[in-house]
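Per chain, numbering begins at 1; letters A, B, ... match sequence-line order. Just so it is clear, the model here is predicted, and its values are computed rather than measured.
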Amino acid sequence: MKHIIQSIKKSNLNNKKHQTAILKWFDQHGRKDLPWQKNKTPYRVWVSEIMLQQTQVSTVINYFLRFMERFPTVYLLSKATEDEVLHLWTGLGYYSRARNLLRTAKIIVNDFQGEFPPKLSELEKLPGIGPSTAGAILAIAFGQKATILDGNVKRVLTRLHCIKEWPGDKKILTKLWDIAKQLTPTDRIEDYTQAMMDLGATVCTRGKPNCNLCPLINSCLARKEGIEHKLPKSKPRKALPVRQAAFLLLKKDNSVLLEKRPPMGIWGGLWCLPEISDYPDDSEVKKFITKKFQFEIKDIKFLNIFRHTFSHFHLDILPIVGNVAKTKSKIMEDGQQIWYNPQEPATIGLPAPVKLLVENAL
DNA sequence: GAAGCGTGGGA
DNA sequence: TTCCCAAGCTT
């Protein structure tokens, strides 16, 4: 019994030292001028946290500013169309985040009187908000004690405790959550939360960590063993499969034909060029176009194949350009096809390579 | 519980 | 060039 009490006291003391060191470092070196740190509201914190999932700060900043300009409140967002939200998300990737953002905005307005619930279990029920994002919102927006475990914190803690296994493994993940919770302070929770992420992003970096600038250098076990640069162990990965597809750029005036993709799956809800799997030859292209659209195509040009890489496969894209005769260019009236003019862009979401092709081809 | 889900940048 | 993965969540 005595030993247990002593061990708890010792652990509390160590936690205190850790928290003090982190907060002192934050006061001197932490990031305090990011857009979502100004005019801080639960809405702004939520949007930023969703955008920042699997996405670096430098990428997010402009998207966040544009988004806030268009949707300054959760109420305005809740009235948006999915196309409009996806439009602002174009190029950011992981588009289910945008679809879930809109779903959650509607829930907040309809079921919560427009206010985010300051409760972990309630936040986690909302689409797109998992354990770490819920913790971040609670800590940063509401100043309540809560724990996050994002990529930054994982890296810091993996090194601090010299964890040599891959942190994605379920047992290790649970262990990391336990450590993160144990270290979480009650006081200055917002600064502490931000500090742990900043430390991972700016000092305890992936490749060459700047240990000489780290407030945890004396307690870091990986550093003690001299293997900090080797941790965390990287995910066991297979070579990505390669798929092939032809994208049709069917041009009329200053527009190309786009089709809306199904709501789920890759590029869900975005507008894409008509696609032919594998690489067709000249006659196959003409047959496809005639059968599907009843278009009359004057000439067909094959552009260079280029590679677009997703998280789980490569797509080698063969762009095929054709001019559509004006007299025969009727499209379906079901709202799933449009003529898209990049000079006067419709407010819809486009996959990055589609946007690239469309803007270069016209 | 493993796989699906984007994109861009750094090494 | 190729690999890795970044403020993870959903199914």
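Checked for salt-bridge contact, Glu82(A) and Arg103(A) miss the test: no charged N lies under 4.0 Å from a carboxylate O.
Contacts between chain A and DNA chain B, taken as any atom within less than 4.0 angstrom of a protein heavy atom, begin and end at dG1(B) to dG9(B). Heavy-atom contacts of chain A under 4.0 Å fall on DNA chain C between two terminal nucleotides, which in 5' to 3' order are dC4(C) to dT10(C).
The residue Gly200(A) sits apart from the nucleic acid: no heavy atom pair falls under 4.0 Å. Across all strands, Ala352(A) comes closer than 4.0 Å only to sugar-phosphate atoms, never to a base (heavy-atom distances). If you check every strand for non-hydrogen atoms under 4.0 Å, Leu270(A) touches nothing. When heavy atoms are screened at a 4.0 angstrom cut-off, Gln194(A) is found touching base atoms of the nucleic acid.
Taking the centre of each ring, His308(A) and Phe310(A) come in below the 6.0 Å mark.
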Side-chain donor-acceptor pairs under 3.5 Å in residues 340-349 of chain A, sequence neighbours left out?
{"residue": "Asn341(A)", "atom": "OD1", "partner": "Gln343(A)", "partner atom": "N", "Å": "2.8"}

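Just one residue in the list Tyr63(A), Phe71(A), Phe64(A) forms a ring-ring contact (aromatic ring centres under 6.0 Å, His included) with Phe67(A), and that residue is Phe71(A).
Between the side chain of Arg307(A) and the main chain of Ile317(A), no donor-acceptor pair closer than 3.5 Å is present. With hydrogens and angles ignored, the 3.5 Å screen pairs a side-chain donor or acceptor of Lys251(A) with a backbone N or O of Ala361(A).
Taking the six-membered ring where tryptophan is involved, the planes of Phe247(A) and Trp267(A) are perpendicular, since the angle between them exceeds 60° and thus also 30°.
When the C1' atom is used for both dG8(B) and dT10(C), the distance is 23 Å, rounded to whole Å.
The stretch residues 36-50 of chain A comes close to DNA chain C through Trp36(A), Glu49(A), each having a heavy atom under 4.0 Å from the strand. Heavy-atom distances under 4.0 Å link DNA chain C to Arg155(A) of residues 155-177 of chain A, given in residue order.
Side-chain N/O atoms of Arg97(A) and Thr55(A) include a donor and acceptor closer than 3.5 Å.
Through chains of ILVMFWY side-chain contacts below 4.5 Å, Ile227(A) is grouped with Leu231(A).
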